[in-house]
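Report on the structure given below.
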Amino acid sequence: EKGTYPHFMLKEIDEQPFVMRKIIQKYQDDNDDIKLDEDIRQAMRECDRVYIIAAGTSYHAGLIGKEFLEKIAEVPTEVHVASEFSYNFPLLSEKPLFVFISQSGETADLRSVLVETNKLGHPALTITNVPGSTLSREADYTLHLHAGPEIAVASTKAYTAQMAVLAILAVDTARAKGLTLGFDPMKELGIVSSAMEALCDQKDVFEQIARDYLSTTRNCFFIGRGLDYYVGLEGALKLKEISYIQAEGFAGGELKHGTIALIEDGTPVIALATQEHVNSSIRSNVQEVVTRGANDCIISLEGLDREGDAFVIPNVHSLLTPLVSVLPLQLISYYAALHRDCDVDKPRNLAKSVTVE
Ligand code: F6R
């Protein structure tokens, strides 16, 4: 039920701090160690490469998951759009592990890949919000997102839950491999939860940003580098699916290779600047578009912020910034859709679970 909320989407955005705490609680044992099925731990340790298969928002979570698995656990990882996988079937490593990421656990494009990999006899892990779902039943292992039912068609809390569970999986694998880590994942996720809460308390800021930048525009661009690029892709998807504004996310460095031709007077460009090593490069990309008339909106991280940034998110671990920096984008999309009189929870042409290929 929506309770006092006007839309499920807003309720589900607000639930994210709570979902983070729930995940910490579900994946932590009494000794503060990570609680994970021993079979999954073994499968992660034994594989020589992870193949993440997903669609839409879950694919965007997969892109972040690849960074976690490679940077934290040193596991080579590829991410594939499910519907393309069969045509662009990669050369598989000797011991592949397939990881299916799906909020609903019912997406047909993923299922057809799972049927194929099961036939080949490769192990599969499903990360889903619905443990009894088809993808969960037909895979060898399941990790539960614990996000609670997600009703709005636009995925919000499932996306942040997917990233949190992927971070925990990466840390667990790193520990199982004997790698030393400089951070405590549960503590860091706790910090993420508090940062999310702080953002949810400032909705008026995002409503104003949506009003200022998006009430009449035809298009909008999201730019970022590294992890911020992937979050920008998700921001663009969210905005287009519920507000019908044509939106595109792209890598800051790719601008000059074509897309910059689309920048006109007043074109909104939302830039994410949460990564220290690319802070000055993304800011020069913003300058490039501003010179061509863009209406820039920079969302940065505390400590990396500069005068004139539209919003500064509280400091969290540099690998976990996507879990927090996506909230402003979710809220901006929500208010843009609202101001444009769109059906926020049930956008046209879309279904919550896509059970056809
Ligand atoms: C976007 C959205 C879709 C889904 C995609 C995959 O907000 O909801 O892009 O993410 O259809 O769905 P699942 O995760 O259920 O496999």
Side-chain angles (χ1 to χ4, degrees), residues 7-13 15-16 19 51-65 79-85 98-115 117 124-139 142-166 222 230-245 247-249 322-323 326-327 329-334 336-337 342-357:
H7 297 99
F8 280 108
M9 184 180 175
L10 193 62
K11 172 171 179 274
E12 290 162 6
I13 290 172
E15 282 170 352
Q16 292 176 106
V19 172
Y51 295 80
I52 293 177
I53 312 290
T57 289
S58 300
Y59 172 74
H60 296 153
L63 294 170
I64 306 286
V79 196
H80 293 269
V81 167
S83 62
E84 278 295 308
F85 189 79
F98 281 84
V99 174
F100 294 84
I101 306 178
S102 175
Q103 188 283 129
S104 63
E106 299 297 341
T107 304
D109 290 327
L110 275 74
R111 172 141 198 270
S112 75
V113 179
L114 178 57
V115 167
T117 56
L125 160 68
T126 292
I127 301 180
T128 183
N129 207 20
V130 189
S133 59
T134 309
L135 289 169
S136 161
R137 280 184 277 111
E138 296 183 3
T142 296
L143 282 178
H144 188 187
L145 294 173
H146 295 290
E150 192 180 61
I151 311 292
V153 164
S155 182
T156 53
K157 61 177 179 170
Y159 170 73
T160 43
Q162 286 163 344
M163 295 189 288
V165 169
L166 283 160
F222 292 79
Y230 298 147
V231 179
L233 294 177
E234 172 59 10
L237 178 61
K238 214 86 301 169
L239 185 65
K240 62 186 143 189
E241 66 182 333
I242 60 169
S243 77
Y244 316 138
I245 295 170
E248 194 184 339
L323 283 81
V326 75
L327 265 78
L329 308 188
Q330 296 169 343
L331 285 164
I332 291 168
S333 299
Y334 172 79
C342 300
D343 188 345
V344 173
D345 282 340
K346 286 200 172 67
R348 68 186 180 208
N349 308 340
L350 294 174
K352 183 65 185 160
S353 120
V354 185
T355 53
V356 291
E357 277 179 49

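All of these numbers come straight from a predicted model, not from anything done at the bench. Note that ligands are numbered from 1 as they come in the structure, with each ligand's atoms numbered from 1 the same way.
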* Asked: Is Y244 reaching over with its side chain to a backbone N or O of R348, donor-acceptor style, under 3.5 angstrom?
  -> yes
* Per-atom contacts of ligand 1 with S58, taking only distances under 4.0 Å to non-hydrogen atoms -> 10 (O), 13 (P), 14 (O)
* Looking only at protein heavy atoms, identify the closest one to atom 15 (O) of ligand 1 and say how far it is in Å. => S104 OG, 2.7 Å
* To do: Going by heavy-atom distance to atom 8 (O) of ligand 1, choose the closest among L145, V153, L110, T128.
  => V153
List the atom pairs, donor and acceptor, that lie under 3.5 Å between side-chain atoms in residues 350-357 and the rest of the protein, sequence neighbours left out.
| residue | atom | partner | partner atom | Å |
| --- | --- | --- | --- | --- |
| K352 | NZ | E150 | OE1 | 2.8 |
| K352 | NZ | A152 | O | 2.8 |
| K352 | NZ | V153 | O | 3.3 |

* Structure fact -> For atom 7 (O) of ligand 1, the closest protein heavy atom turns out to be E241 OE2, 2.4 Å
* Does S102 reach ligand 1 with a nitrogen or oxygen that is under 3.5 Å from one of the ligand's nitrogen or oxygen atoms? -> yes
* Can you tell me which residue and heavy atom of the protein come closest to atom 11 (O) of ligand 1, and the distance to 0.1 Å? -> V354 CG2, 4.1 Å
* Output yes when K157 and E12 qualify as a salt bridge under the 4.0 Å nitrogen-oxygen rule, no when they do not. => no
* Q103, any N or O under 3.5 Å of ligand 1 N or O -> yes
* Identity of the nearest option to atom 5 (C) of ligand 1, non-hydrogen atoms only, from A55, A54, G105, A158 -> A55
* Touching ligand 1 at all, A154? Heavy atoms, strictly under 4.0 Å? -> yes
* Asked: Does ligand 1 have an atom under 4.0 Å from some heavy atom of K238?
  -> yes
* Asked: Tell me, which protein residue and heavy-atom name are nearest atom 4 (C) of ligand 1, and how many Å apart are they?
  -> T57 N, 4.1 Å
* **Residue pair L145 / Q162, side-chain heavy-atom distance below 4.5 Å** => yes
* To do: Just jot down the ligand 1 atoms closer than 4.0 angstrom to any heavy atom of S155, in number order.
  => 7 (O), 8 (O)
* Structure fact -> Sorted by chain and residue number, the side chain to side chain contact (heavy atoms under 4.5 Å, CB included) partners of A337 (sequence neighbours excluded) come out as I242, S243, C342, V344
* To do: Spell out, as yes or no, whether a donor-acceptor pair under 3.5 Å connects the side chain of D345 to the backbone of F8.
  => yes
* Between I242, L237, T107, which one has a non-hydrogen atom sitting closest to atom 13 (P) of ligand 1? -> T107
* Asked: With under 30° as parallel and over 60° as perpendicular, where do the rings of F98 and Y51 fit, or are they tilted in between?
  -> parallel
* **Student check: side-chain heavy atoms of K238 and T57 closer than 4.5 Å** => yes
* To do: Please test H80 against F85 for ring-ring contact (aromatic ring centres under 6.0 Å, His included), starting from the C-alpha separation and ending with a verdict.
  => CA-CA 6 Å; H80 293 269; F85 189 79; 5.1 Å; yes
